[in-house]
Asker: 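Before I ask anything, let me first share the structure, which is written out below as C-alpha cells.
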Amino acid sequence: MSENKLSAVDCGGDALRAMSHVTRVDLHSNELSSVPPALFELPALRQLSLHSNRLEVLPDTLGRATRLEWLTLNANALTVLPESIGECSSLVRLGVVRSIFWGGEERGTQQGSIGECSSPVRLGA
C-alpha cells in the first residue's frame, strides 16, 4: 500500500480481524496525516513502515504493538513520540531521521521511554 497517495487507512472492525496474521505493513510515501489506533493492535505486527507521510502525531495505542521490531517514521512532521513507545518491548530499530523536530532543530526522542524496551533500540534511518 506504499506510494499510493493514500490520505486515510481504515483498520477497524472486520478489517482488523482479517489482518490478524499480518506481520508487515508498508504505508510509506503516502499522504497520511494520521494512523488508525487499531493498526497497533494487530497481534502479529513486526514491521511497520510509515516514512514519508504527513504524520504529526501517533496514537497512544503504539504501546500495544508488543511484537513490533522495526518502525520507520522518517520524513514526517512528528514533534514527539507517545510515551507508550516504551511498551514496545520487541522494538530494536526506530527510524526517525527528518521526523522529530522542535523549532527547526532536531529534537531527538524521549530516551527514557525507549530505554524501557527490553532490547537496545537502534535509532537511525
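As a basis for the values below, the full set of heavy atoms in this structure was taken, side chains included, without hydrogen atoms, waters or symmetry mates.
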Asker: Would you give the length of the straight line joining atom CG of Leu58 to atom OG of Ser34, rounded to the nearest 0.5 angstrom?
Answerer: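 It comes to 10.0 Å.
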
Asker: Report yes if the side chains of Leu68 and Ser90 come closer than 4.5 Å at any heavy-atom pair, otherwise no.
Answerer: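 No. Closest side-chain heavy atoms not under 4.5 Å.
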
Asker: Would you say the side chain of Leu27 lies within less than 4.5 Å of the side chain of Leu39, judging by non-hydrogen atoms?
Answerer: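 Leu39 vs Leu27: side chains touch.
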
Asker: Could you pull out all residues at least two apart from Val57 that satisfy side-chain contact (heavy atoms from CB on, under 4.5 Å)?
Answerer: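 Partners of Val57 by the side-chain contact (heavy atoms from CB on, under 4.5 Å) criterion come out as none, since no residue qualifies.
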
Asker: Within the structure provided, determine whether Thr23 and Leu45 are in side-chain contact (heavy-atom separation under 4.5 Å).
Answerer: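 Result no, sub-4.5 Å side-chain heavy-atom pair not found.
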
Asker: Provide the full list of ring pair (Phe, Tyr, Trp, His ring centres under 6.0 Å) pairs with a residue in residues 31-54, sequence neighbours left out, each pair given once.
Answerer: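 Checked against ring pair (Phe, Tyr, Trp, His ring centres under 6.0 Å) - neighbours excluded - the pairs reaching residues 31-54 are His28-His51.
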
Asker: Filter on ring pair (Phe, Tyr, Trp, His ring centres under 6.0 Å), then keep only pairs touching residues 67-97, sequence neighbours left out; what's left?
Answerer: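 Ring pair (Phe, Tyr, Trp, His ring centres under 6.0 Å) check on residues 67-97 returns no pairs.
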
Asker: What distance separates Ser49 OG from Asn30 CG, expressed to the nearest 0.5 Å?
Answerer: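 So the OG of Ser49 and the CG of Asn30 are separated by 9.5 Å.
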
Asker: Answer yes or no: is there a donor N or O on one side and an acceptor on the other, between the side chain of Thr61 and the main chain of Pro37, under 3.5 Å?
Answerer: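 Checked: pair present.
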
Asker: Applying salt bridge (Lys or Arg N to Asp or Glu O under 4.0 Å), name anything that partners Arg54, two or more places apart in sequence or on another chain.
Answerer: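 Once residues adjacent in sequence are excluded, Arg54 has no partner under the salt bridge (Lys or Arg N to Asp or Glu O under 4.0 Å) criterion.
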
Asker: My understanding is that only residues two or more places apart in sequence, or in another chain, count here; which of them pass side-chain hydrogen bond (donor to acceptor under 3.5 Å, both in side chains) with Arg24?
Answerer: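 So Arg24 forms a side-chain hydrogen bond (donor to acceptor under 3.5 Å, both in side chains) with Gln47.
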
Asker: Are Thr72 and Leu48 side-chain neighbours, meaning at least one heavy-atom pair lies under 4.5 Å?
Answerer: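 No - every pair of side-chain heavy atoms lies 4.5 Å or more apart.
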
Asker: Got Asn76 and Val96 here, is their nearest side-chain heavy-atom distance under 4.5 Å?
Answerer: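 No, their side chains stay 4.5 Å or more apart.
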
Asker: To the nearest 0.5 Å, tell me how far Asn53 CG sits from Ser33 OG.
Answerer: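 So the CG of Asn53 and the OG of Ser33 are separated by 9.0 Å.
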
Asker: Taking only residues two or more places apart in sequence or in another chain, which ones pass salt bridge (Lys or Arg N to Asp or Glu O under 4.0 Å) with Glu56?
Answerer: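 So Glu56 forms no salt bridge (Lys or Arg N to Asp or Glu O under 4.0 Å) with any residue.
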
Asker: What's the spacing between Ser52 OG and Asn74 CG if we round to 0.5 Å?
Answerer: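 So the OG of Ser52 and the CG of Asn74 are separated by 7.5 Å.
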
